[in-house]
Amino acid sequence: MQIKLASNLMYDSIVDGLGLRIVIWTQGCSHNCFKCHNPQTHDFSKGKFYDIDEIVDKIVKYPLKSGVTLSGGDPFFQKEETLYLVKKLKENKINIWAYTGFIYEDLIKDPVWLETLKYIDILVDGPFIYDQYDPLLKFRGSKNQRIIDVQKSLKTNEVIEMPL
Ligand code: SF4
């Protein structure tokens with residue numbers, strides 16, 4: 001299976017989650033947040049297809065990493081592809097963070113998104129809201145965005161945010 005990405009993998013990021021992370025920039029987003037930092041990733045007709053098994057293989061072989069972060073774009077628009085990707089990453093015991101412009105409460109209503117969340121460790125949810133922008137926030141742009149411990153939240157049926 002292939003997934004559409006805005007660019008190749010980015011290695012050694014320290015701003016897209018805890019530790020040293022490999023970032024996967026998915027292509028396509030229609031949330032249209034005012035002053036989005038990655039407008040080049042919005043157009044669903046742009047980007048390039050990459051084989052998911054090859055991506056996972058590269059990631060597994062890269063020695064220095066704390067985990068993988070899915071960003072974009074919004075990975076949740078490529079539903080089946082992102083589900084396949086997170087399943088494969090988790091089979092290899094890789095820690096997964098994902099950024100989305102959707103909110104957690106909406107994602108859990110959709111069966112494919114819910115299944116996807118079962119493989120994700122941390123979800124940074126919600127659109128970027130410029131009025132709530134704060135440059136001092138860690139791993140997110142605006143105050144409305146939450147850093148959610150997905151597995152604890154799914155287990156308890158309430159949103160549990162990760163203490164930073
Ligand atoms: S969800 Fe993210 S990529 Fe999409 S418009 Fe908002 S900030 Fe930009």
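Indexing begins at 1, ligand by ligand and atom by atom, following the structure's order.
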Mind checking whether atom 6 (Fe) of ligand 1 has an N, O or S of His31 under 2.8 Å?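 It does not; every qualifying atom lies at 2.8 Å or beyond.
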
Numbered atoms and elements of ligand 1 in range of [X], under 4.0 angstrom, heavy atoms:
{"X": "Phe128", "result": "7 (S)"}
{"X": "His42", "result": "5 (S), 8 (Fe)"}
{"X": "Gly73", "result": "3 (S)"}
{"X": "Cys29", "result": "1 (S), 3 (S), 4 (Fe), 5 (S)"}

Would you please classify the geometry between the Phe128 ring and the Tyr130 ring as parallel, tilted or perpendicular, with 30° and 60° separating the classes? perpendicular

Electrostatic pair Asp12-Lys65, nearest N-O below 4.0 angstrom: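 No.
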
Who's closest to atom 7 (S) of ligand 1 heavy-atom-wise, of Ser71, Cys36, Gly126? Cys36

Sub-4.0 Å heavy-atom contact, [X] with ligand 1:
{"X": "Pro127", "value": "no"}
{"X": "Asn32", "value": "yes"}
{"X": "His37", "value": "no"}

Checking Ser13 against Arg21: is there a side-chain donor and acceptor pair closer than 3.5 Å? no

When you measure from the centre of the six-membered ring of Tyr119, is the NZ or CZ of Lys90 under 6.0 Å away and within 45° of the axis?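 Relative to the ring axis of Tyr119, which defines the angle, Lys90 lies outside at least one limit.
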
Only one of Asp125, Asp121, Ile120, Leu154 clears side-chain contact (heavy atoms from CB on, under 4.5 Å) with Ile148; which?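 With Ile148 as partner, side-chain contact (heavy atoms from CB on, under 4.5 Å) holds for just one option, Asp125.
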
Atom CD in Gln78, atom OG1 in Thr116: separation rounded to 0.5 Å?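 Rounded to the nearest 0.5 Å, the CD-OG1 separation comes out at 12.0 Å.
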
Of all the non-hydrogen atoms in the protein, which one sits nearest to atom 6 (Fe) of ligand 1, and at what distance? Cys33 SG, 2.3 Å

Evaluate the side-chain proximity of Ile52 to Val56: yes if any heavy-atom separation is below 4.5 Å, no if none is.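 Touching, per the 4.5 Å side-chain cut-off.
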
